[in-house]
Amino acid sequence: MRYTTAMVIERLKVKPKNFLFSLNKTYLPDFDPELTLMGGQTFSWKPLSSEGFFLGITQTKAIIAKYKRPYLLWQTFPNRDDFKFIEEYFRIKDDLSKIKTQLSQDPIVGKAVAQTPGLRLLKQPFYETVFSFLLSSNRNIKLIRKSVWLLAKILGRAIKIPGIAQVHLFPTTEAVASARYSQLKEAKVGFRAKFLKLTARAILSARQPTRDLTAYPGIGPKIADCIEVFALGNTYVTPVDVWVKRLLVELYGLPDNKHYLFYKKWLSNRFGYLTAYAGQHLYEWYRGRSRAK
DNA sequence: CGCCAGGGTGACG
DNA sequence: CGTCACCATGGC
């Protein structure tokens with residue numbers, strides 16, 4: 001994917017009171033942390049305090065983030081100031097206003113993007129995205145997030161963030177592979193426990209990464225697309241879950257008795273390289289709207 | 001109580 | 001190829 005718009009990325013330092021570490025300050029004109037971090041694309045974030053701070057975990061680091069328009073305030077742990085990671089994770093170079101302008105050629109997506117300002121796509125590390133979405137089958141977001149944080153507490157390495165209680169990182173692939181079933185059950189993952197262990201072992205024993213993600217136990221076409229978009233950065237596809245299918249039937253008049261590939265191809269044909277952004281805005285808008293009723 | 005959730009698998013015809 | 005019961009769990 002190419003970006004032709006000149007991007008401005010500032011790196012400044014601020015130090016809020018009551019914090020024992022400094023924050024980096026990166027120019028990011030369009031970002032809503034609640035929509036982006038507490039929605040359906042990551043389950044590894046949670047609100048940290050009443051002051052708008054969020055805590056995120058990956059297999060290797062924890063992130064503190066807050067949005068103060070037009071800046072993203074952030075810090076990484078235990079290795080500080082990892083700008084390369086932040087730039088990739090938040091897709092800082094994506095020009096959201098330009099993307100939204102192009103997407104608004106479709107009136108329905110136009111309505112969606114108008115009502116989900118600041119929703120960005122993330123590009124998350126691969127393996128934790130695999131495990132996160134292994135937990136997603138036939139469950140709602142609240143429960144997925146609950147299991148992720150329980151897994152971290154039970155299996156994840158603890159690190160200390162100055163001034164904040166210790167934080168457990170997302171479990172490593174090795175930790176998932178060698179976890180006891182009692183530990184996985186404690187994390188409320190249900191029947192997905194065996195998929196977690198089998199997939200973790202398959203990852204560790206593979207000589208090279210598998211191209212076909214559905215080869216992993218517990219990963220079918222939908223979860224594979226989640227990983228394609230949210231970890232691999234493929235913007236030409238978008239996952240079709242029950243909500244997306246529902247809105248395609250209701251708002252676009254598509255038949256409701258087709259298979260997964262039908263809806264996926266329809267979206268890709270219509271939205272091209274912006275399919276992932278279109279799908280994510282439609283999803284969060286439609287889900288939020290239905291939930292509010 | 002019954003239904004639903006960012007589904008996948010395996011058995012059966 | 002298409003259909004369908006089943007999987008485990010909490011929230012509503």
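Numbered from 1 within each chain, the chains take letters A, B, ... in sequence-line order.
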Could you give the start and end, 5' to 3', of the contact zone on DNA chain B for chain A, using atoms under 4.0 Å from its heavy atoms?
B:dA5 to B:dT9

At under 4.0 Å between heavy atoms, what does A:Arg246 touch on the DNA or RNA strands: base, sugar-phosphate, or nothing?
sugar-phosphate

Do other residues, nucleotides or ligands put more than 12 heavy atoms under 6.0 Å from the NZ atom of A:Lys245?
yes

Results of ring pair (Phe, Tyr, Trp, His ring centres under 6.0 Å) for A:Tyr252 - residues two or more places apart only:
A:Trp266

For A:Phe230 and A:Phe133, take the angle between the two ring planes, folded into 0 to 90°, and tell me which bin it lands in: parallel under 30, tilted 30 to 60, perpendicular over 60.
parallel

Give DNA chain C the dot-bracket treatment, 5' to 3': Watson-Crick (N1-N3 with N6-O4 or O6-N4) or G-U (N1-O2, O6-N3) under 3.5 Å, [ ] crossing, | other strand.
|||||||.||||

Across nucleotides 2-12 of chain C, 5' to 3', mark each nucleotide with B, S or - according to how protein heavy atoms within less than 4.0 Å reach it.
SS---BBBB-S

In whole angstrom, give me the gap between the P atoms of B:dG6 and C:dA5.
23 Å

Indicate the ring-plane relationship of A:Tyr67 and A:Phe31, choosing parallel, tilted or perpendicular according to the 30° and 60° boundaries.
perpendicular

Using a heavy-atom cut-off of 4.0 Å across all strands, would you classify A:Gln280 as base, sugar-phosphate, or nothing?
base

Under 4.0 Å between any heavy atoms, over every strand shown, what does A:Tyr286 touch: base, sugar-phosphate, or nothing? Just pick one.
nothing

More than 12 heavy atoms from other groups under 6.0 Å of NZ on A:Lys68:
no

Quick check on DNA chain B: between A:Val240 and A:Phe195, whose nearest nucleotide comes earlier from the 5' end?
A:Val240

Does any pair with a residue in residues 31-49 of chain A pass salt bridge (charged side-chain N to carboxylate O under 4.0 Å, His left out), and if so which ones, sequence neighbours excluded?
none

Among all residues two or more places apart in sequence or in another chain, which pass the ring pair (Phe, Tyr, Trp, His ring centres under 6.0 Å) test with A:Phe54?
none

Show, in sequence, the C-alpha distance, side-chain angles and deciding distance for A:Tyr286 and A:Glu250, and conclude whether the side chain to side chain donor-acceptor pair (under 3.5 Å) test is met.
CA-CA 11 Å; A:Tyr286 188 81; A:Glu250 181 188 333; 2.4 Å; yes

Is a side-chain donor or acceptor of A:Glu87 paired with a backbone partner of A:Lys93 at a separation under 3.5 angstrom?
no

A:Tyr260 six-ring centre to A:Lys222 NZ/CZ under 6.0 Å and within 45° of normal
no

For A:Arg180, I'd like to know if atom CZ has over 12 heavy atoms of other residues, nucleotides or ligands within 6.0 Å.
no

